[in-house]
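Here the structure comes first, spelled out in structure tokens, and everything after it is commentary.
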Amino acid sequence: MRTTVGIIGAGPAGLLLARLLHNAGIDSVVLESRDRSYVEHRQRAGILEQGTVDVLREAGAAERMDREGLRHDGIELRFDRQRHRVDFPGLTGGRSVTVYAQTEVCKDLIALQFKEGGPLLFEAEALAVEGAGSDRPRIRFRHEGREDVLECEYVVGCDGFWGVAREAFPESLSRVFERTYPYAWLGILADVAPSHDELVYARHDRGFALLSMRSPSVSRLYLQVPADTDAEDWTDEAIWDELERRLETDDDWRLARGPITQKSVTPMRSYVHEPMRHGRLFLAGDAAHIVPPTGAKGLNLAVGDVVTFARALLHERDTGSPELLDAYSATCLRRIWQAERFSYDMTSMLHPGPGDSPFDARLQLARLGRIASSRAAETDLAEAYTGFPLDA
Ligand code: APR
Ligand code: PHB
């Protein structure tokens, strides 16, 4: 088998890249180790930055998102039993975000790929990338019980944090920057209308809580829990009781309960692999970087990476100049480190850590109080939340 761009992984990064290349007349093959149903049903985040929405529209992949996505013009910060709303358009010159689940983005892109795109092979596991430093990189993979080789001009590793593409970087080239957190998120999906029309990020001495949603009738909520928590140790009633305590306010706001249809624990990690390119092998999305979910940046960073790669490849095709491909890693990393910083700031401001002192708790409240009382501090949050420009 032979193609121009070999893509490993059919998460949002790999699927969107295949779509962007198809639209530009460049062929690709996507190899995905899991089956279609698994990819279409795993629960992930659901906040699309304005720039991500624009990219999906330009790619012709936004028909259902435009119908079913919910435009959100702000978030609420909750602390000390008080509420503070951050108004995005007013602070950023009109920007907002859209609530539309990552699984839905993947379903839409898979359907388009099968309708009009190039090959997308499920249950095709990449085993290794070979010859990354040469003109003819190859992906060795296993599909339907047989080993095969995909010969490429470029390979893009969109294979997530646990993928194999990163392993093809020489040890002497790779640098890893990493931080783990002593807590995780217990997330639930519940068949109940969201108790607020915007997302609520709550800091409480008992831990962080987040109220989010998937649709006007489905709520998505999270609780900060110790890192080694087993979701099955939490009964539905205990989850609702704890959410209620942490989200409680002094006014008449109430949390509505409903049947919990899914629960799982998400670990928290910050991770960056530098550089993101070795020869003709490029990394994109979670394969190169992870952020803790508090800033809702994971999916949006993946989109930024593949847009940057697709533009760079087109630039080379149209002008013969590899300058943008050569700049790929540095271009992506500038934006990634801003998102790493923001995600870390949001996480450390809202989560009381197990070893924190009363001084630490007061500092978190002071940081929140600063956002609630200074337009400059609030603008900083709103700009970061709605998204840094792609070529910043
Ligand atoms: N061969 C083929 N496919 C693989 C391999 C392999 N060896 N290893 C992993 N994969 C697949 C996974 O099964 C997964 O479908 O690569 C895909 C990677 O997708 P994601 O993990 O969704 O990563 P990405 O596309 O970069 O999207 C980032 O996902 O984890 C969230 O919060 C994150 O929203 C962000 C987004
Ligand atoms: C979600 O809806 O899953 C979600 C929303 C905001 C976040 C993280 C997750 O910061």
Side-chain angles (χ1 to χ4, degrees), residues 6-18 29-36 38-49 52 70 72 75 97-106 109-110 120-129 139-143 150 155-168 185 187-189 194 198-201 208-215 218-222 262 264 266-269 271 276 283-306 339 342-343 346-347 350 385:
I7 300 173
I8 310 174
L15 290 166
L16 179 61
L17 178 58
V29 172
V30 184
L31 305 175
E32 165 58 51
S33 56
R34 303 289 192 149
D35 64 32
R36 179 173 179 175
Y38 179 91
V39 171
E40 291 190 337
H41 293 99
R42 64 186 155 195
Q43 267 307 316
R44 294 283 185 73
I47 303 295
L48 311 184
E49 292 174 358
T52 296
L70 310 169
H72 279 206
I75 55 169
V97 297
T98 295
V99 173
Y100 188 64
Q102 178 172 320
T103 47
E104 305 308 315
V105 173
C106 288
L109 287 167
I110 289 169
L120 159 55
L121 307 184
F122 285 103
E123 299 178 80
E125 185 191 5
L127 303 172
V129 178
I139 306 169
R140 218 155 36 75
F141 68 100
R142 192 185 298 119
H143 184 49
L150 178 63
V155 173
V156 186
C158 300
D159 47 352
F161 186 65
W162 304 104
V164 296
R166 225 167 42 223
E167 290 168 17
W185 282 9
I188 61 161
L189 271 181
E198 292 180 337
L199 270 63
V200 179
Y201 288 81
F208 170 75
L210 171 62
L211 184 155
S212 179
M213 63 200 70
R214 288 290 173 268
S215 74
V218 176
S219 294
R220 175 80 170 152
L221 296 120
Y222 297 94
Q262 217 238 38
S264 60
T266 310
M268 310 275 276
R269 175 187 276 118
Y271 176 97
M276 288 168 62
L283 300 178
D286 278 17
H289 43 78
I290 299 284
V291 286
T294 327
K297 286 283 166 256
L299 166 65
N300 297 291
L301 282 182
V303 168
D305 292 350
V306 298
F342 173 66
S343 305
M346 285 286 278
T347 303
L350 291 161
Y385 197 96

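Residues take their numbers from the sequence shown, with the count starting at 1. Each ligand, and each atom within it, is numbered from 1 in the order the structure gives. Both backbone and side-chain heavy atoms feed into the values below; hydrogens, waters and symmetry mates do not.
Distances from atom 28 (C) of ligand 1 to the heavy atoms of Thr266, Asn300, Asp286 show the closest one on Asp286. Residue Gly298 holds the heavy atom nearest to atom 32 (O) of ligand 1 of all those in Pro293, Gly298, Pro292.
With respect to atom 25 (O) of ligand 1, the closest heavy atom belonging to the protein is Ala13 N, 3.0 Å. Regarding atom 11 (C) of ligand 1, its nearest protein heavy-atom neighbour is Glu32 OE1, 3.3 Å. The single protein non-hydrogen atom nearest to atom 19 (O) of ligand 1 is Gly11 CA, 3.4 Å, given as residue, atom name and distance. Closest protein heavy atom to atom 4 (C) of ligand 1: Ser33 OG, 3.3 Å. Protein heavy atom closest to atom 1 (N) of ligand 1, with residue, atom name and distance, is Ala126 N, 2.9 Å. Remark: minimum distance from atom 27 (O) of ligand 1 to any protein heavy atom is reached at Pro12 CG, 3.4 Å. Taking atom 31 (C) of ligand 1 as the reference point, the nearest protein heavy-atom neighbour is Arg44 NH1, 3.0 Å. With hydrogens left out, the protein atom closest to atom 36 (C) of ligand 1 is Gln102 NE2, 3.5 Å, a heavy atom.
Between Thr347 and Met268 the shortest heavy-atom distance is CG2-CE, 3.8 Å. Residues Leu150 and Gly6 come closest through the heavy atom pair CD2-CA, 4.1 Å. For the residue pair Asp159 and Ala287, the shortest heavy atom distance occurs at OD1-CB, 3.5 Å. Contact between Phe122 and Val39 at its shortest, heavy atoms only, is CE2-CG2, 4.0 Å. In this structure, Glu123 and His143 approach most closely via the heavy-atom pair O-ND1, 3.2 Å. Minimum interatomic distance between Ala296 and Tyr201 (heavy atoms only, all atoms of both residues): CB-OH, 4.5 Å.
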Test log, rule side-chain contact (heavy atoms from CB on, under 4.5 Å), inputs Val129 and Ile8: CA-CA 10 Å; Val129 178; Ile8 310 174; 3.7 Å; yes
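Applying the side-chain contact (heavy atoms from CB on, under 4.5 Å) criterion to Asp286, with sequence neighbours excluded, gives Ile290. For the side-chain hydrogen bond (donor to acceptor under 3.5 Å, both in side chains) test, residues two or more places apart in sequence or in another chain that qualify with Glu198 are Arg85. Partners of Arg34 according to the salt bridge (charged side-chain N to carboxylate O under 4.0 Å, His left out) rule, which considers only residues two or more places apart in sequence or in another chain, do not exist here.
In the vicinity of Gly285, heavy-atom distances shorter than 4.0 Å reach the ligand 1 atoms 26 (O). Taking every heavy atom of Arg42 and a limit of under 4.0 angstrom, the matching atoms of ligand 1 come to 13 (O), 14 (C), 15 (O). Atoms of ligand 1 found under 4.0 Å from any heavy atom of Cys158, numbered from 1 in the order shown, are 16 (O), 17 (C), 18 (C). Interface atoms of ligand 1 facing Gly163, defined by a heavy-atom separation under 4.0 Å, are 8 (N). In summary, the atoms of ligand 1 found under 4.0 Å from a heavy atom of Leu31, numbered by their order in the structure, are 2 (C), 3 (N). Atom numbering of ligand 1 starts at 1 in the shown order; those under 4.0 Å from a heavy atom of Gly9 are 3 (N), 11 (C), 16 (O), 17 (C).
Any N or O atom pair closer than 3.5 Å counts here, and Trp162 shares no such pair with ligand 1. Distances between N or O atoms of Leu299 and those of ligand 1 include at least one value under 3.5 Å. Looking at Ile8 next to ligand 1, no N or O pair under 3.5 Å apart turns up. Looking at ligand 1, you won't find any N or O of Arg34 less than 3.5 Å from one of its N or O atoms.
The shortest side-chain heavy-atom distance between Ile47 and Val99 falls under the 4.5 Å cut-off. With a 4.5 Å cut-off on side-chain heavy atoms, Glu104 and Arg214 do not count as touching. Contact check for Gln102 versus Arg42: no side-chain heavy atoms found under the 4.5 Å cut-off.
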Provide, line by line, the atom pairs where ligand 2 and the protein bring an N/O atom each to a distance under 3.5 Å; else say none.
unit_1   : atom_1 : unit_2 : atom_2 : d
ligand 2 : 2 (O)  : Ser212 : OG     : 2.6
ligand 2 : 2 (O)  : Arg214 : NH1    : 2.9
ligand 2 : 3 (O)  : Arg214 : NH2    : 2.8
ligand 2 : 3 (O)  : Tyr222 : OH     : 2.6
ligand 2 : 10 (O) : Tyr201 : OH     : 2.7
ligand 2 : 10 (O) : Pro293 : O      : 2.8
ligand 2 : 10 (O) : Thr294 : O      : 3.3

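The shell of residues lying under 4.0 angstrom from ligand 1, judged by heavy atoms, includes Ala124. Ligand 1 lies out of reach of Ala45, whose nearest heavy atom is not under 4.0 Å from it.
Of the listed residues (Leu31, Val29, Val164), just one forms a side-chain contact (heavy atoms from CB on, under 4.5 Å) with Phe141, and that residue is Leu31.
By the 30° and 60° cut-offs, the orientation of the rings of Tyr222 relative to Trp185 is tilted. Ring orientation note: the planes of Tyr271 and Phe161 are nearly perpendicular, at an angle over 60° on the 30°/60° scale.
Within 6.0 Å of CZ on Arg36 lie more than 12 heavy atoms contributed by other residues, nucleotides or ligands.
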